[in-house]
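We name chains A, B, ... by the order of the sequence lines, and we start the count at 1 in each one. No experiment lies behind these values; they were computed from the predicted model shown.
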Protein chains: 2
Amino acid sequence: MPGPIQSLERAAAILRLLAGGERRLGLSDVASSLGLAKGTAHGILRTLQQEGFVEQDPVTGKYQLGAELLRLGNSYLDVHELRARALVWTDDLARSSGEAAYLGVLHQQGVLIVHHVFRPDDSRQVLDVGAMQPLHSTALGKVLAAYDPVAHREAAESEWSALTARTLTDAASFEEELALVRARGWAADLEETWDGVASVAAPVHDRRRMPVGAVGVTGAVERVCDGDGVRAGLVAAVRDCARAVSRDLGAGRF
Amino acid sequence: MPGPIQSLERAAAILRLLAGGERRLGLSDVASSLGLAKGTAHGILRTLQQEGFVEQDPVTGKYQLGAELLRLGNSYLDVHELRARALVWTDDLARSSGEAAYLGVLHQQGVLIVHHVFRPDDSRQVLDVGAMQPLHSTALGKVLAAYDPVAHREAAESEWSALTARTLTDAASFEEELALVRARGWAADLEETWDGVASVAAPVHDRRRMPVGAVGVTGAVERVCDGDGVRAGLVAAVRDCARAVSRDLGAGRF
DNA sequence: GATGAGGGTCGACAATGTCGACCGGGCACG
DNA sequence: CGTGCCCGGTCGACATTGTCGACCCTCATC
């Protein structure tokens, strides 16, 4: 198999670099960060700018991501079949559960949020679509790690940062947790990612019964849990939603 | 000035092609659409796939946009200064007006929606962030065309499709409309884009008083208008919001 | 089992992107 | 006010790199 296209790889690396670094970056920063000659970096940046993937501040000369990426990312959502099928079901899930509903898929070493329905109250909330969540500490991530072998491997290889005091950070207890997830068919995250926040999630399968994503709800631990665990009604609602989306994808009855 | 990087231009063209065509495209479709040899198109697609910008359906072999674009597009929003400043003000605008609020910037030949606050009721709404709107028929577009010379030129060069019976489709009446926009400081779209839908918008300026975007509200024409035009209170709210965002960007008092 | 369409591979060729030295301007500091 | 550094940008030679078109393989169709 012939090699990948060098200039494209470098362009992708530049875009990721710009996406990672919070503030804008100058030409020299970009070139030195990636070990490229300034001329080379400039050529790539100029082309990316021309195509709208990168914008340049006219006064400082620094570069940042461009608007075309937003447009294309939006087009990605339009094409996304899983998301299209899940729209109405997650809407119902948020309504019936009273919590924010999420749909996530595996992407690289994390969960990419492809749909997010706000909690149905009038509070100010920020949209998480396009954001990434860790595999090892969120309910969505655990579901993917439990059912998708690729996700499982990615989770094993990624770093296990302790986001809160309750985050699982050793492989043994995580595997135990995944076994539990597989056994009961849903996953929970009890303040393992954010203090005071809990989430529940269940897997979505396609017509070949392959795991393709996860749906779940996230909310304040006081509302999500009662007594000794996640509210049973919430678990039922999440699993119903996951089943509904799976059926919509053609997975048939369970 | 040296030429742009050919392979990057082609990769961008492929991404745009995939974003445009509704359904997934095969290798041959891509190659023939862009006049490339199959081998060339394959090399680019393989690299794009490896970088996550493109995904391939494992059974049909067809290609579609990849998740990395969504992630990068989201990063674009994070960096976007105008959007960051406008978040709270547009939120207030939606709340006080009771309609959906939008923030748009010029991108290519249209308005790119970079922020969208849902109408504050419990109806089901779809997020328009990342979507494009025409320059010649929407309030946001008219504002940009009226104040930004680049937008004005783009509007003049783009095609004037009649989206509804009330869309302005000739240059003369459009210029007249723009003069009106400049004279009173805000623009309206009365069923010129969608039947039954009206919108109002006002310009946002940066610290050098250059137009950088537009904010506005959109809603059912029955709610937005009264008697012979847009409700005065709505216009005031939109213009207040635009001024607030401009001031936040450092534009100073008016 | 022939046929055709479509995805993917191969190897030669030269077009293409890359490199490093070089420009010019802006800012800070002396 | 001069000087020197830093930074974005340009230039031209070089050979790496991407490109082309023919070819292969699989699968679905007839």
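If you measure from atom CG of A:D29 to atom C1' of D:dG9, you get 15 Å, rounded to the nearest angstrom. Put simply, CD1 on B:I44 is 16 Å from C1' on C:dG7, counting in whole angstrom units. Nucleotide D:dT17 holds its P atom 12 Å from the CG atom of A:L36, rounded to whole Å. We find that CG of A:L27 is positioned 18 Å from P of C:dG24, with the value rounded to whole Å. Between A:Q6 atom CD and D:dG18 atom P the separation is 5 Å, expressed in whole Å. If you take NE2 of B:H42 and C1' of D:dC23, they are 14 Å apart, rounded to a whole angstrom. One atom, CZ of A:R24, and another, P of D:dC7, lie 17 Å apart when rounded to the nearest Å. In this structure, B:Q64 atom CD and C:dG7 atom C1' are separated by 17 Å, rounded to whole Å.
Contacts of B:Q56 with the nucleic acid, taken as non-hydrogen atoms under 4.0 Å apart, involve only primed sugar atoms and P, OP1 or OP2. Within 4.0 Å of B:T40, counting heavy atoms only, lies at least one base atom of the nucleic acid. Nucleic acid contact for B:G39: base, since at least one base atom lies under 4.0 Å from a heavy atom of the residue.
A salt bridge does not link B:E55 with B:K62: every distance from a Lys NZ or Arg NE/NH1/NH2 to an Asp or Glu carboxylate oxygen is 4.0 Å or more. Using a 4.0 Å cut-off between charged nitrogen and carboxylate oxygen, A:R124 and B:D91 count as a salt-bridge pair. At a threshold of 4.0 Å, the pair B:D248-B:R207 does not count as salt-bridged, since none of the basic side-chain nitrogens sits closer than that to a carboxylate oxygen.
With respect to A:Y102, the side-chain hydrogen bond (donor to acceptor under 3.5 Å, both in side chains) criterion is satisfied by exactly one of A:T138, A:T218, A:D128: A:D128.
Here A:Y63 does not reach the OP1 or OP2 of D:dC7: none of its side-chain N or O atoms lies under 4.0 Å away. For D:dG8, one of the phosphate oxygens OP1 or OP2 lies less than 4.0 angstrom from a side-chain nitrogen or oxygen of A:S28.
Here the side chain of B:R10 is nearest to one of D:dC20, D:dG18, C:dT18, namely D:dC20.
The base of D:dG8 sits with one of its N or O atoms less than 3.5 Å from a complementary donor or acceptor on the side chain of A:K38.
Taking for each of B:G26 and A:A37 the nucleotide of DNA chain C with the nearest heavy atom, the 5'-most of the two is the partner of B:G26. Between A:L25 and B:A41, it is A:L25 whose nearest contact on DNA chain D lies nearer the 5' terminus.
For CD of A:E159, the number of neighbouring non-hydrogen atoms (other residues, nucleotides, ligands) closer than 6.0 Å is 12 at most.
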